[in-house]
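Step one of this worksheet: look at the structure below.
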Amino acid sequence: MPDNQSKDLQLVLLGPPGAGKGTQAALLARHLDIAHVSSGDLLRKHRTKGTELGNKASSFMSKGLLVPDDLVIEMILEHINYQESSGRVLLDGFPRTLDQAIALDAALPAPGITKSLCIKVSETELIKRLGGRFICKDCQAPFQGSGESGMCDVCGGQLYQRDDDAPAAVQKRIQVYQDQTEPLLAYYESQGKLCVVDGEQSINAVTECLLVALKPIGT
Ligand code: AP5
Ligand code: MG
């Protein structure tokens, strides 16, 4: 591993539902040797296990609404503190509100978030992608279409469609993103930490743009 890969690196991945945050986070995690922490994946695991948090979060998630801040903040900060102590973390889907961003800034050691990367995709394309998306029930890798076998190419798990990928929930998630998460772009821009990339290119081209955006900070 090159020396510079041991440097602290705390990244936030922003973007609307279906922008490709999970897809790109998995690729960046490999390129940058960084821990991928997805708030959505963690919440879905809690739902599957039927934990108290999972039960509380469930109805918000299926309607396409945000899970209340106090629940999500506690879950993510615990996860970062106790399981991701390497100082290299890529947050996918968190923060999603101003209160979450402020709580994260308060919890991270200085200098806090290194960069906030936003993947921009048009609403028409988001709806198309989410309508055709299947997810692995075991590793949560996303796929376009169910594949011939309905099995995950990564781990062999069974593929399924998320309940919040139903058309009404997708519309709600897009609206919630615009109302509650888009204001974070100005928050990070005012700190000189925002970088926006075009998410309507091939998956590899988007990864390349993200890596180029991170070059100046010596990733
Ligand atoms: P979460 O799981 O974070 O969902 P989301 O933000 O709605 O985003 P998605 O996971 O749907 O999309 P993605 O951007 O990861 O795209 P993907 O890579 O899969 O959150 C779910 C719910 O949990 C929330 O609604 C909320 O209830 C709750 N929650 C989570 N975090 C929370 C928080 N912080 N606060 C409160 N509540 C929270 O790609 C999509 C599809 O497109 C795939 O099929 C993929 O193969 C394909 N694709 C990807 N890139 C490309 C490309 N370049 N070209 C063509 N296709 C592509
Ligand atoms: Mg995702």
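When a ligand or atom number is given, it counts from 1 through the structure's own listing order.
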Throw together a table of side-chain donor-acceptor distances under 3.5 angstrom for residues 10-28, partners on residues two or more places apart or in other chains.
unit_1	atom_1	unit_2	atom_2	d
Lys21	NZ	Gly15	O	3.2
Lys21	NZ	Pro16	O	3.2
Gln24	OE1	Thr207	N	3.3
Gln24	OE1	Thr207	OG1	2.6
Gln24	NE2	Ile203	O	3.1

List the atom pairs, donor and acceptor, that lie under 3.5 Å between side-chain atoms in residues 117-127 and the rest of the protein, sequence neighbours left out.
unit_1	atom_1	unit_2	atom_2	d
Ser122	OG	Glu125	N	3.4
Ser122	OG	Glu200	OE2	2.9
Glu125	OE2	Arg129	NE	2.9

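The only member of Arg173, Arg133, Lys172 that meets salt bridge (Lys or Arg N to Asp or Glu O under 4.0 Å) when paired with Asp164 is Arg173.
Clustering of Ile, Leu, Val, Met, Phe, Trp and Tyr by side-chain heavy atoms under 4.5 Å joins Tyr160 with Ile135.
With rounding to the nearest 0.5 angstrom, the CZ atom of Arg44 is 14.0 Å from the NZ atom of Lys49.
Of all heavy-atom pairs spanning Arg47 and Ser62, the tightest one is NH2-CB, 3.9 Å.
Within 4.0 Å of ligand 1, counting heavy atoms only, the contacting residues are Pro16, Pro17, Gly18, Ala19, Gly20, Lys21, Gly22, Thr23, Ser39, Gly40, Leu43, Arg44, Met61, Leu65, Leu66, Val67, Val72, Gly93, Phe94, Arg96, Gln100, Arg129, Leu130, Arg133, Pro142, Phe143, Gln144, Arg162, Asp164, Arg173, Gly199, Gln201, Ser202, Ile203.
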